[in-house]
Amino acid sequence: MLQPVRGTHDLLPQECRQYRAIANSSRLIAQRYGYEEIETPIFEFSSVFLRMGEASDVVTKETYTFQDRGGQEITLRPEGTAGIMRAIISNGLTQKTPLKYYSCGPMFRYERPQKGRYRQFTQVGVELVGVAEPLGDVEVIALAEQFLKEIGLTKGISLEINTLGDQESRNLYRTALVTYLNDFRTQLSPESQIRLDLNPLRILDSKDVNDRKLLENCPVFRDYLNAESEDFFANVLKKLDLLGITYTLNYQIVRGLDYYCHTAFEFVSHQLGAQGTVLAGGRYDGLISQLGGPNLAGVGWAAGLDRLVLLAEKSIDKPCLISIIPVGDTAESQALQMAQDLRQEGLNIDLGYSGSLSKRMKKANSVGASWAVIFGDDEIKSQKVAIRDLKSGLQVEVAFDKISDYLQSKIQ
RNA sequence: GCGGGUGUAGCUCAGUUGGUUAGAGCGCUAGAUUGUGGAUCUAGAGGUCGCCGGUUCAAGACCGGUCACUCGCCCCA
């Protein structure tokens, strides 16, 4: 059996249509907020991703990394933000801010595949660079919400939001949390004991029942926010209220790396098992400077198309197709030119390759054509074709030079 | 990387305590119908039972390994 590489899959035409439809929606919605599309390479020097998080598991063991023939360390991008930030720096785009970018493309992670989680997957996302105000957070969240609405995902999806505060607040809290949990170190799950040293905030996200019990009385993040951070978050929430965007506060939403700050949010579905997060984002003010650029604020999100397609589930109709059905040698010799003429007029034309009238009609039906243009010797004599509506079965005669006009008027 | 479940036709699945030539529905191809598709009827094609090894007179079934899918863990910038 010839199998695709683990964690990759083929998008057959029907799936392709769904992916394309959702990607198009996201692009259009982003446009409405003034975001422009940007596309970066699907691989970068490994250092681009390494600089984003030395300790991160994703970088150390979940990337496709290899040496090219010139001995360069190359990594297939595991997410979109790093490459876009690199492009911003490489092209000197930091001169003029804010920058508002939309992007869509394949990402790669060497992980164990699950439903809605593949080794090659497609993400759409937006990045807003150079806006340090809460208005930026609100804008990208509003964009996300409108996008999900547009593709019909409202039921069973909720916006969960949290704040990570600024650097000072987070350090303060981290210390308090570690101090608290240290007393219970041996009672924690093995995973959380490791997290306690590497990435203590992640323990808040633990699924272990016993861990959850220990966390019930742990210090609360909001008590450690300084005035600025408190104010920032309150401002974000107030503006979301103003727009009528509903959310639930979820202190478990955590980001491990240091350049994350303030707002962190996820749109979560409860229909996808463990892979419930459908769209996730937040503020990453420290990232650009960490990559060697100027100190610019950033906020954005990314969404996996694969999961969105699983949830959207509505099948997209094929574009309207017209079959040309010649009968007899004379007609067959004219069909190619007729097909070509109608294609020039912008119509989608299917021209069969062989077969009797009956055969060709069957074929037209099975490829999903909406109309059949039938002509043989009789029609050539009278300079008219029979145009049959394959949905209703109604058939009319149309003069040769009116075929395009007739079909165009029917399709509108 | 770790643990559970599942692999039989293109798809969805039967297949008895191990026993002759592995079945069904849908789909596909051809015909009924040489100027009219869908519906119906008839016929046909399509299988290394995921792969490799083992047990047995005999394996689709039992055992081991492996690959893939799937559910969860880890992780998710």
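Order of the sequence lines fixes the chain letters, A, B, ..., with proteins taken first and strands second; residue numbering starts at 1 for each chain.
Rounded to whole Å, the distance from CD on A:Q3 to P on B:G10 is 14 Å. In this entry the distance linking CG of A:D205 with P of B:C76 reads 9 Å, nearest Å. For the pair A:E111 CD and B:U70 C1', the computed distance is 16 Å after rounding to whole Å. For the pair A:F108 CZ and B:C76 C1', the interatomic distance rounds to 17 Å; values are reported in whole Å. A:D10 places its CG atom 13 Å from the P atom of B:C11, with the value rounded to the nearest Å. Atom pair A:I380:CD1 and B:G35:C1' shows a separation of 13 Å (rounding to whole Å applied). Rounding to whole angstrom units, CZ of residue A:R117 and P of B:C69 are separated by 14 Å. Rounding to whole angstrom units, CD of residue A:E79 and P of B:C75 are separated by 18 Å.
Pair assignment for B:A59 gives none, since no Watson-Crick or G-U wobble pairing has each distance under 3.5 Å. Across every strand in view, B:A22 sits unpaired, with no contact that passes the Watson-Crick or G-U test at under 3.5 angstrom. B:U6: Watson-Crick or G-U partner is B:A68, with both key distances under 3.5 Å. In this structure, B:A39 forms no base pair with any nucleotide, since neither Watson-Crick nor G-U wobble geometry is met with both distances under 3.5 Å. Base-pair partner of B:C73: B:G1 (Watson-Crick or G-U wobble, both distances under 3.5 Å). Across every strand in view, B:G47 sits unpaired, with no contact that passes the Watson-Crick or G-U test at under 3.5 angstrom.
Across the P atoms, B:C73 and B:C13 are found 25 Å apart, a figure rounded to whole Å. Taking the C1' atoms as reference points, B:C28 lies 34 Å from B:C71, given to the whole Å. Taking atom C1' on both B:U34 and B:G23, the two are 38 Å apart, rounded to the nearest angstrom. Distance check on atom P: B:A45 versus B:A30 gives 15 Å, rounded to whole Å. Taking atom C1' in both B:G64 and B:U56, the straight-line distance is 16 Å, to the nearest Å. The separation of B:U40 from B:A58, taken at their P atoms, amounts to 48 Å, rounded to a whole angstrom. Rounded to whole Å, the separation between the P atoms of B:A59 and B:C52 comes to 14 Å. Atom C1' of B:G46 sits at a distance of 14 Å from the matching atom of B:C26, rounded to the whole Å.
Residue A:G328 is out of contact with every strand shown, counting any heavy-atom pair closer than 4.0 Å. Note on A:G368: nothing from the nucleic acid sits closer than 4.0 angstrom, heavy atoms only. Using a 4.0 Å heavy-atom cutoff across all strands shown, A:E266 reaches no nucleic acid atom at all.
Contact check, A:R112 against B:C71: no side-chain N or O comes under 4.0 Å of OP1 or OP2. In terms of phosphate contacts, A:K207 brings a side-chain nitrogen or oxygen within less than 4.0 Å of OP1 or OP2 of B:C73. Put simply, A:K359 has a side-chain N or O that comes within less than 4.0 Å of OP1 or OP2 on B:G31. Put simply, A:S358 has a side-chain N or O that comes within less than 4.0 Å of OP1 or OP2 on B:G37. Put simply, A:R202 has a side-chain N or O that comes within less than 4.0 Å of OP1 or OP2 on B:C76.
In this structure, A:R27 fails the cation-pi test against A:Y102, since its NZ or CZ atom is not both closer than 6.0 Å to the six-membered ring centre and inside 45 degrees of the ring normal.
A salt bridge links A:E44 with A:R86: the closest approach of a Lys/Arg side-chain nitrogen to an acidic carboxylate oxygen falls below 4.0 angstrom. One finds no salt bridge joining A:E397 and A:R388 here, because no Lys/Arg side-chain nitrogen approaches an Asp/Glu carboxylate oxygen to under 4.0 Å. With respect to the salt-bridge test (charged N to carboxylate O, under 4.0 angstrom), the residues A:K213 and A:D208 do not qualify. Comment: A:E145 engages A:K149 in a salt bridge, judged by a side-chain N to carboxylate O separation of less than 4.0 angstrom. Salt-bridge annotation for A:D389 and A:K391: absent, with no side-chain N of the basic residue lying under 4.0 Å from a carboxylate O of the acidic one.
For the atom pair CG (A:L172) and CD (A:Q167), the distance works out to 12.0 Å, reported to the nearest 0.5 Å.
In this structure, of B:U36, B:G72, B:G38, it is B:G38 that holds the atom nearest to the side chain of A:N365. Among the nucleotides B:C75, B:G37, B:C73, the one closest to any side-chain atom of A:M361 is B:G37. Counting only heavy atoms from C-beta on, A:R195 has its side chain closest to B:C75 among B:C73, B:C75, B:G35. When distances run from any side-chain atom of A:R388 to the nucleotides B:U29, B:G37, B:U70, the shortest one goes to B:G37.
Comparing A:A386 and A:S366 by the nucleotide of RNA chain B whose heavy atom lies nearest to each, the residue mapping closer to the 5' end is A:S366.
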Working for side-chain hydrogen bond (donor to acceptor under 3.5 Å, both in side chains), residues A:E79 and A:Q123: CA-CA 8 Å; A:E79 52 91 37; A:Q123 277 191 341; over 6 Å; no
